[in-house]
Amino acid sequence: MKKKMVTLVAAVMMVIATTYAQNTQTGVNEKVINAFAKKFAQATNPSWEFTDAYFKASFQWNGQNLTSFFTKDGDLMGITRNIYSTELPINLRISLTENYSQFWISELFEYAKEGTTKYYVTIENATEKIHLESVGTYEWSAYKKASKTI
């Protein structure tokens with residue numbers, strides 16, 4: 001019995017020490033770590049970045065590469081994942097094809113937050129780069145345009 005108790009105490013100490021070391025290395029506070037662990041219990045390979053405004057965790061979850069954003073208080077701001085154009089809602093795909101056929105897609109991701117989902121796409125051609133945001137699941141709105149220097 002005494003041997004089991006010593007083993008249990010050693011295991012608990014190792015988990016606490018590991019958790020403390022990870023948090024110290026990443027600079028991520030306990031509120032954020034706990035919120036992340038609760039929301040993404042099966043997450044693997046998390047890597048953390050942070051700014052003055054938020055914490056960003058990139059990780060694998062259920063076979064997908066995801067990125068989540070948290071406030072310093074541990075509130076989830078949203079989740080993103082890169083997607084293929086074939087994964088867009090059909091009306092958004094049609095809108096891209098009809099209105100931006102002379103452009104190619106250089107970045108496309110899905111952003112989910114509190115029951116809503118938006119799509120963001122960066123399209124470009126030889127002279128222009130445009131960032132679009134979905135409006136519902138039927139059309140796009142440009143929020144940033146830039147000319148390329150040749």
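- At a threshold of 4.5 Å between non-hydrogen side-chain atoms, the residues Leu88 and Leu108 count as touching.
- Judged as a salt bridge (charged side-chain N to carboxylate O under 4.0 Å, His left out), the pairs with a partner in residues 120-140 (not counting sequence neighbours) are, in order, Lys118-Glu133, Glu124-Lys148.
- Applying the 6.0 Å contact sphere to CD of Gln42 captures no more than 12 heavy atoms from other residues, nucleotides or ligands.
- Side chains of Asn125 and Gln102: no donor on one and acceptor on the other come within 3.5 Å.
- Taken to the nearest 0.5 Å, the CZ atom of Phe55 stands 11.0 Å off from the CZ atom of Phe70.
- The side-chain hydrogen bond (donor to acceptor under 3.5 Å, both in side chains) search around Tyr100 returns none, not counting sequence neighbours.
- Taking CD of Gln60 as the start and CG of Asn45 as the end, the distance is 5.0 Å to the nearest 0.5 Å.
- Applying the ring-ring contact (aromatic ring centres under 6.0 Å, His included) test to Phe59 and every residue at least two apart in sequence or in another chain returns Phe36, Phe40.
- A search for ring-ring contact (aromatic ring centres under 6.0 Å, His included) contacts involving Tyr138 returns nothing, not counting sequence neighbours.
- The closest side-chain heavy-atom distance from Ile105 to Thr122 is not below 4.5 Å.
- The two atoms that bring Gly74 and Ala35 nearest to each other are O-CB, 3.1 Å, heavy atoms only.
- Annotation: the span from Ile130 atom CD1 to Ile123 atom CD1 amounts to 4.5 Å, rounded to 0.5 Å.
- Within 6.0 Å of OH in Tyr143 there are more than 12 heavy atoms belonging to other residues, nucleotides or ligands.
- Here the closest heavy-atom approach between residue Ser141 and residue Val135 is recorded as CB-CG2, 3.7 Å.
- Members clustered with Ile90: Ile94, by chain and number, using a 4.5 Å side-chain heavy-atom cutoff among hydrophobic residues.
- Applying the side-chain hydrogen bond (donor to acceptor under 3.5 Å, both in side chains) rule to Thr116 yields no partners; only residues at least two apart in sequence or on another chain are considered.
- A heavy-atom distance below 4.5 Å is found between the side chains of Ile83 and Tyr119.
- Under a 4.5 Å side-chain heavy-atom cut-off, the cluster of Ile, Leu, Val, Met, Phe, Trp and Tyr residues that includes Met77 is completed by Tyr54, Phe69.
- Using a 4.5 Å cut-off on side-chain heavy atoms (C-beta onward), Lys56 and Thr67 make contact.
- Connection of Leu92 to Phe103 is established within a shared hydrophobic cluster, with ILVMFWY side chains joined at heavy-atom distances below 4.5 Å, either directly or through further cluster members.
- Evaluation of the side-chain hydrogen bond (donor to acceptor under 3.5 Å, both in side chains) rule for Thr80 yields no partner, not counting sequence neighbours.
- At a threshold of 4.5 Å between non-hydrogen side-chain atoms, the residues Trp61 and Ile79 do not count as touching.
- For the salt bridge (charged side-chain N to carboxylate O under 4.0 Å, His left out) condition, the pairs that include at least one residue of residues 103-117, sequence neighbours left out, are Arg81-Glu110.
- Between Leu96 and Ser85, every side-chain heavy-atom pair lies at or beyond the 4.5 Å cut-off.
- Of the possible polar contacts, one joining the Glu87 side chain to the Tyr84 backbone as a donor-acceptor pair under 3.5 Å is found.
- Proximity of a side-chain donor or acceptor of Thr97 to a complementary backbone N or O of Arg93 within less than 3.5 Å is detected.
- Here salt bridge (charged side-chain N to carboxylate O under 4.0 Å, His left out) pairs that include residues 69-78, with residues two or more places apart or in two chains, are Lys31-Asp73.
- Applying the side-chain hydrogen bond (donor to acceptor under 3.5 Å, both in side chains) rule to Asn82 yields no partners; only residues at least two apart in sequence or on another chain are considered.
- Remark: Trp140 pairs with no residue by the ring-ring contact (aromatic ring centres under 6.0 Å, His included) rule, at least two apart or across chains.
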I'd like to know whether Leu76 forms a side-chain contact (heavy atoms from CB on, under 4.5 Å) with Thr71, so could you lay out the CA-CA distance, the side-chain angles of the two residues, the decisive distance to 0.1 Å, and finally the verdict. CA-CA 7 Å; Leu76 181 64; Thr71 67; over 6 Å; no
